[in-house]
K.L.:
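Let me give you the structure first, and then I'll get to my questions.
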Amino acid sequence: MSDKKKLDPINGEEPGNFIRDFIDEDLAAGRHPGVVTRFPPEPNGYLHIGHSKSICLNFGTAGDYKGVCNLRFDDTNPVKEDTEYVDSIQDDVRWLGFQWHGHTRYASDYFEKLYECAEALIRKGLAYVDDLSAEEVREYRGTLTEPGRESPWRNRSVEENLDLFRRMRAGEFPDGSKSLRAKIDMASPNINMRDPALYRIRRAHHHRTGDAWLIYPMYDYTHCISDAIEGISHSLCTLEFEDHRPLYDWVLEALDWPAPRPRQIEFARLNLEYTVMSKRKLLQLVKENHVDGWDDPRLPTIAALRRRGFTPESIRLFCDRIGVAKRDSWIEYYWLEKAVRDDLNPITPRAMAVLRPLKVVVENWPEGRVQEMAGPYFPDEPGRKLPGLAATERTLLFARELYIEQDDFLLDPPKKFYRLGPGREVLLRWGHYLHCHDVVRDAAGQVTELRCTYSEEPRGHGAGPGGQPAVIHWVPAKSSVAARVRLYDRLFTVPRPKGDLNKELNPGSLTECPEARLEPALAGLEPGRRVQFERLGYFIADAKLHSAGTPTFNRIVTLKDKRQ
RNA sequence: UGGGGCGUAGUCAAGCGGUUAAGACACAGGUUUUUGGAUCCUGCAUUCGAAGGUUCGAAUCCUUCCGCCCCAGCCA
């Protein structure tokens with residue numbers, strides 16, 4: 001199933017990546033006794049397919065080196081965060097098949113330690129309380145091409161800074177009136193080093209620490225210390241943090257943090273064609289009810305992919321295949337679908353369903369006669385059972401009235417259309433040969449019914465080479481069961497591969513097939529079961545809507561299809 | 001036009017001075033098949049963003065140029 005065997009990177013067998021190069025180098029130099037990574041989401045939204053790359057990378061890398069990976073919530077901005085998100089994120093990581101080391105960590109666990117470190121920095125003269133407003137700080141920061149100016153408050157005494165910082169914590173100052181800044185270099189060409197903020201005053205209720213704190217540490221300050229506290233050896237993050245690495249290192253250096261110190265390594269985030277992956281926009285879609293919650297199967301969230309029927313294995317396979325590097329790359333959407341198909345193909349039973357029924361009357365089949373036609377759920381492995389059902393075979397009652405797929409018939413079929421047309425012949429899978437000799441149309445000219453005859457042997461009227469008949473799926477009219485089938489387009493999309501997500505947000509399409517008919521056994525399928533409807537794709541009995549009364553299936557992914 | 005990154009096939013991605021420039025996806029042809037799927041086989045970069053240079057030898061080292069991404073939150 002996997003492209004290649006995962007080989008032991010310690011023995012240098014697997015085609016490497018640059019991250020492993022760094023790790024190998026650190027291990028060889030004895031800088032770290034082993035590998036400890038972490039997945040550090042901010043609990044401000046649901047995880048999406050983009051996060052799965054980071055998850056697979058962090059957990060996967062740790063696993064490859066027989067190390068461990070922590071789960072740490074980067075919860076330093078209480079106004080955006082919520083326990084709903086911490087719960088969903090934990091569920092999603094587990095569902096993906098990963099187990100983090102020990103208990104769940106939170107940056108907020110370290111607030112007290114972080115505060116102590118801040119005082120230490122102040123004592124060393126490396127941090128100061130600034131009275132400038134946010135707007136003033138922006139003005140003082142300079143621009144990309146001009147250096148910044150030093151704040152008039154930059155040279156306060158250690159005593160004054162300590163006193164002020166303590167009073168910030170004690171709540172003596174209003175929000176935004178003061179901040180704690182690192183004293184680095186206002187002329188640095190790296191803007192992140194121009195006295196970055198370390199703490200801000202924010203009277204906000206924190207989902208874990210409640211109202212205990214009025215000041216909250218910033219990401220750059222928190223992340224490196226959190227990594228160091230947890231003994232992280234390699235802190236893998238996305239490319240936009242490259243410019244922050246000097247600051248990451250500066251903080252630990254300023255604190256004289258003892259070795260081994262964590263090393264930050266950056267990789268390119270996942271870009272998937274057509275797919276909306278900004279948390280802000282996903283939040284907007286949910287809040288404005290463009291979709292049916294975070295697990296709407298059109299969304300690229302892990303929760304949605306789960307409901308949509310993707311397997312954890314398929315997502316891991318996808319992440320495995322896309323690799324990891326530092327170039328900005330756009331993954332073709334097809335890769336995701338392919339990974340799902342590759343995973344599902346060997347493990348998913350085949351079954352018969354007709355999404356848009358077209359009635360067929362078999363005129364040479366006697367009224368009232370039925371014949372049991374049997375076919376295995378796993379054609380390559382005929383004895384294999386359909387999970388959730390006792391049988392190893394489907395049984396269809398061939399009768400005078402049948403349904404075939406509307407798409408499998410064309411009044412005036414072109415040469416390359418191998419299926420049914422007037423005067424043409426096809427084979428009904430696990431059934432008989434069918435020859436169409438007449439069509440019935442309604443007043444509008446729409447084909448409503450096919451008049452056909454059957455035969456047990458081919459008559460050489462197929463559209464394939466040499467009169468070979470194509471094989472199509474079908475279902476008996478009477479004994480099949482009505483179902484609701486929902487065909488989702490790609491994930492929530494923009495119309496063009498790299499379209500402007502801001503302007504072209506597209507609600508994603510959902511096509512209902514209210515007339516769908518299934519082979520009878522499928523009515524008894526449990527929610528969450530997957531099945532391949534011949535030629536139509538992989539489907540899942542919807543976790544929320546499926547019931548024996550009204551079976552509801554979502555299409556997970558289509559089959560590869562060259563027909564046109 | 002400050003700083004930090006990145007350019008190897010349609011898309012990903014190995015490669016780290018000597019290789020016929022891995023592998024995957026896509027694509028094409030063939031095999032097989034009770035669905036045009038799946039399977040198996042074969043093919044698919046004389047060239048590594050461009051131009052110069054160093055070298056017996058360059059995708060790999062040097063120089064210049066070109067293109068793309070990121071940074072001016074008291075967000076992460």
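Here is the naming used below: chain letters follow the sequence lines, and residue numbers restart at 1 for every chain.
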K.L.:
State whether Tyr128(A) and Arg181(A) meet the cation-pi test: NZ (Lys) or CZ (Arg) under 6.0 Å from the six-membered ring centroid, and within 45° of the perpendicular axis.
P.N.:
no
K.L.:
What interatomic distance, in whole Å, is found between P of C40(B) and the corresponding atom of A45(B)?
P.N.:
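Here A45(B) and C40(B) have their P atoms 23 Å from each other.
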K.L.:
Determine the Euclidean distance between corresponding C1' atoms of A14(B) and G7(B); express it in Å to zero decimal places.
P.N.:
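Looking at atom C1' only, G7(B) and A14(B) are 16 Å apart.
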K.L.:
By nearest heavy atom, map Ser179(A) and Gly323(A) onto RNA chain B; which one lands nearer the 5' end?
P.N.:
Gly323(A)
K.L.:
Could you walk me through whether His206(A) and Phe111(A) satisfy the ring pair (Phe, Tyr, Trp, His ring centres under 6.0 Å) test, starting with their C-alpha distance in whole Å, then the side-chain angles of each, then the deciding distance to 0.1 Å, before giving a yes or no?
P.N.:
CA-CA 12 Å; His206(A) 188 282; Phe111(A) 278 175; 5.6 Å; yes
K.L.:
Could you state the CG-C1' distance from Leu180(A) to G73(B), rounded to the nearest angstrom?
P.N.:
17 Å
K.L.:
Once you apply a heavy-atom cut-off of 4.0 Å, does Leu132(A) come out as touching a base, just sugar-phosphate, or nothing?
P.N.:
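The residue Leu132(A) makes base contact.
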K.L.:
Locate the shortest heavy-atom distance separating Asp195(A) from Asp185(A); write the atom from each residue and the value.
P.N.:
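So the minimum-distance heavy-atom pair works out to OD1-N, 3.4 Å.
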K.L.:
What dot-bracket string describes RNA chain B from 5' to 3', counting Watson-Crick and G-U wobble pairs whose defining distances are under 3.5 Å, with [ ] for crossing pairs and | for pairs to another strand?
P.N.:
.(((((((.[[[..)..(....]]].((((.........)))).....[[[[[..)....]]]]])))))).....
K.L.:
Distance alone, cut at 3.5 Å: any donor-acceptor contact between the side chains of Arg350(A) and His473(A)?
P.N.:
no
K.L.:
Cut-off 3.5 Å, side chains only: do Glu273(A) and Tyr334(A) have a donor facing an acceptor?
P.N.:
no
K.L.:
Going through the distances and angles, do His244(A) and Tyr248(A) end up as a ring pair (Phe, Tyr, Trp, His ring centres under 6.0 Å)?
P.N.:
CA-CA 6 Å; His244(A) 297 238; Tyr248(A) 183 105; over 10 Å; no
K.L.:
Considering only atom P, compute the distance from U42(B) to G36(B) and round it to an integer number of Å.
P.N.:
23 Å
K.L.:
Rounded to the nearest angstrom, tell me the gap between atom NZ in Lys178(A) and atom P in C74(B).
P.N.:
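Rounding to the nearest Å, NZ of Lys178(A) and P of C74(B) are 17 Å apart.
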K.L.:
For A76(B), take OP1 and OP2 only and decide whether either is under 4.0 Å from a side-chain N or O of Arg200(A).
P.N.:
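Answer is yes, contact under 4.0 Å.
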K.L.:
Taking the side chain of Val137(A) as its heavy atoms from C-beta onward, which of C12(B), C74(B), G36(B) lies nearest to it?
P.N.:
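The nucleotide sitting nearest to the side chain is C74(B).
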K.L.:
Does NZ or CZ of Arg384(A) come closer than 6.0 Å to the centre of the six-membered ring of Phe378(A), within 45° of the ring's axis?
P.N.:
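Yes - Arg384(A) lies over the ring of Phe378(A), closer than 6.0 Å to its centre and within 45° of its axis.
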K.L.:
For Asp408(A), report the nucleic acid contact type (base, sugar-phosphate, nothing); a contact means any heavy atom under 4.0 Å.
P.N.:
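The answer is nothing, as Asp408(A) stays clear of every strand by at least 4.0 Å.
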K.L.:
Using the C1' atom as the reference point in each nucleotide, state the distance between G10(B) and C44(B) in Å, no decimals.
P.N.:
12 Å
K.L.:
Rounding to the closest angstrom, what is the interatomic distance between C70(B) and U63(B) at atom C1'?
P.N.:
26 Å
K.L.:
Atom CD1 of Ile201(A) to atom P of G73(B): distance rounded to whole Å?
P.N.:
19 Å
K.L.:
How is Glu242(A) classified with respect to the nucleic acid when contacts are heavy atoms under 4.0 Å: base, sugar-phosphate, or nothing?
P.N.:
sugar-phosphate
K.L.:
What do you reckon, are the aromatic ring centroids of Phe310(A) and Phe318(A) less than 6.0 Å apart?
P.N.:
no
K.L.:
Using a distance-only test with no angle check, is there a side-chain donor-acceptor pair under 3.5 angstrom linking Ser235(A) and Arg38(A)?
P.N.:
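A donor-acceptor contact under 3.5 Å links the two side chains.
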K.L.:
Is the distance between the ring centroids of Phe165(A) and Tyr115(A) under 6.0 Å?
P.N.:
yes
K.L.:
The criterion is side-chain contact (heavy atoms from CB on, under 4.5 Å); which residues satisfy it with Thr145(A), sequence neighbours excluded?
P.N.:
Thr143(A)
K.L.:
How would you label the contact of Thr76(A) with the nucleic acid (heavy atoms, under 4.0 Å): base, sugar-phosphate, or nothing?
P.N.:
sugar-phosphate
K.L.:
Any side-chain N or O of Arg327(A) below 4.0 angstrom from OP1/OP2 of U8(B)?
P.N.:
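Yes, such a contact exists.
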K.L.:
Without hydrogens or angle criteria, can the side chains of Asp92(A) and Ser88(A) be said to hold a donor-acceptor pair below 3.5 Å?
P.N.:
no
K.L.:
Please give the distance between the P atoms of G49(B) and G15(B) as a whole number of Å.
P.N.:
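Nearest-Å result for G49(B) against G15(B) at atom P: 16 Å.
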K.L.:
Protein-nucleotides 38-40 of chain B N/O pairs closer than 3.5 Å?
P.N.:
{"unit_1": "A38(B)", "atom_1": "O2'", "unit_2": "Asn345(A)", "atom_2": "ND2", "d": "3.1"}

K.L.:
For Gly309(A) and Arg530(A), work out which heavy atoms get closest and say how close.
P.N.:
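It is O-NE, 2.6 Å.
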K.L.:
What residue among Ile225(A), Ile229(A), Leu252(A) forms side-chain contact (heavy atoms from CB on, under 4.5 Å) with Pro262(A)?
P.N.:
Leu252(A)
K.L.:
NA contact type, Ala470(A), heavy-atom cut-off 4.0 Å: base, sugar-phosphate, or nothing?
P.N.:
nothing
K.L.:
In whole angstrom, give the distance that lies between atom CG of Leu247(A) and atom P of A76(B).
P.N.:
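Between P of A76(B) and CG of Leu247(A): 12 Å.
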K.L.:
Between the protein and nucleotides 67-72 of chain B, list every N/O to N/O distance that falls short of 3.5 Å.
P.N.:
{"unit_1": "C69(B)", "atom_1": "O4'", "unit_2": "Asp328(A)", "atom_2": "OD2", "d": "3.4"}
{"unit_1": "C69(B)", "atom_1": "O2'", "unit_2": "Asp328(A)", "atom_2": "OD2", "d": "3.4"}
{"unit_1": "A72(B)", "atom_1": "O3'", "unit_2": "Arg141(A)", "atom_2": "NH2", "d": "3.3"}
{"unit_1": "A72(B)", "atom_1": "O2'", "unit_2": "Arg141(A)", "atom_2": "NE", "d": "3.0"}

K.L.:
With P as the reference atom in both, quote the distance from C68(B) to C27(B) in angstrom, rounded to an integer.
P.N.:
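Each nucleotide's P atom is 30 Å from the other's.
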K.L.:
Quote, to the nearest angstrom, the P distance that separates C41(B) from C61(B).
P.N.:
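Here C41(B) and C61(B) have their P atoms 37 Å from each other.
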K.L.:
Taking the nucleotide of RNA chain B with the closest heavy atom to each, which residue, Lys326(A) or Ile472(A), is nearer the 5' end?
P.N.:
Lys326(A)
K.L.:
Answer yes or no on whether Arg166(A) is positioned over the face of Tyr199(A), meaning its NZ or CZ is under 6.0 Å from the six-membered ring centre and within 45° of the axis.
P.N.:
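No cation-pi geometry.
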K.L.:
Just the rounded figure in Å: distance from C1' of G7(B) to CH2 of Trp330(A).
P.N.:
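Answer to the nearest Å: 17 Å.
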K.L.:
Within the structure shown, what part of the strands sits under 4.0 Å from Lys80(A) by heavy-atom distance: base, sugar-phosphate, or nothing?
P.N.:
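Contact class for Lys80(A): base.
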K.L.:
Is the base of G5(B) syn or anti, if syn means a glycosidic angle within 90° of 0?
P.N.:
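Anti for G5(B); the angle lies over 90° from 0.
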K.L.:
Measure CD/Glu457(A) against C1'/U34(B) and give the value in whole Å, please.
P.N.:
13 Å
K.L.:
Are any of Arg202(A)'s side-chain N or O atoms less than 4.0 Å away from OP1 or OP2 of C75(B)?
P.N.:
yes
K.L.:
Contact class for Val324(A) vs. all strands (heavy atom < 4.0 Å): base, sugar-phosphate, or nothing?
P.N.:
sugar-phosphate
K.L.:
Give every residue pair that meets the salt bridge (charged side-chain N to carboxylate O under 4.0 Å, His left out) criterion with at least one member in residues 241-250 of chain A, sequence neighbours excluded.
P.N.:
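Output for this query lists Glu242(A)-Lys326(A), Arg245(A)-Glu266(A).
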K.L.:
Heavy-atom contacts under 4.0 Å between residues 428-435 of chain A and RNA chain B, which residues?
P.N.:
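Within residues 428-435 of chain A, the residues near RNA chain B are Arg429(A), Trp430(A).
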K.L.:
Distance check needed: G3(B) C1' versus Glu146(A) CD, whole Å only.
P.N.:
14 Å
K.L.:
Take the protein atom CD of Glu534(A) and the nucleotide atom P of G36(B), then report the distance between them rounded to whole Å.
P.N.:
11 Å
K.L.:
Is it true that Gln371(A) and His432(A) share a donor-acceptor pair across their side chains at a distance under 3.5 Å?
P.N.:
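Yes - a donor-acceptor pair under 3.5 Å links their side chains.
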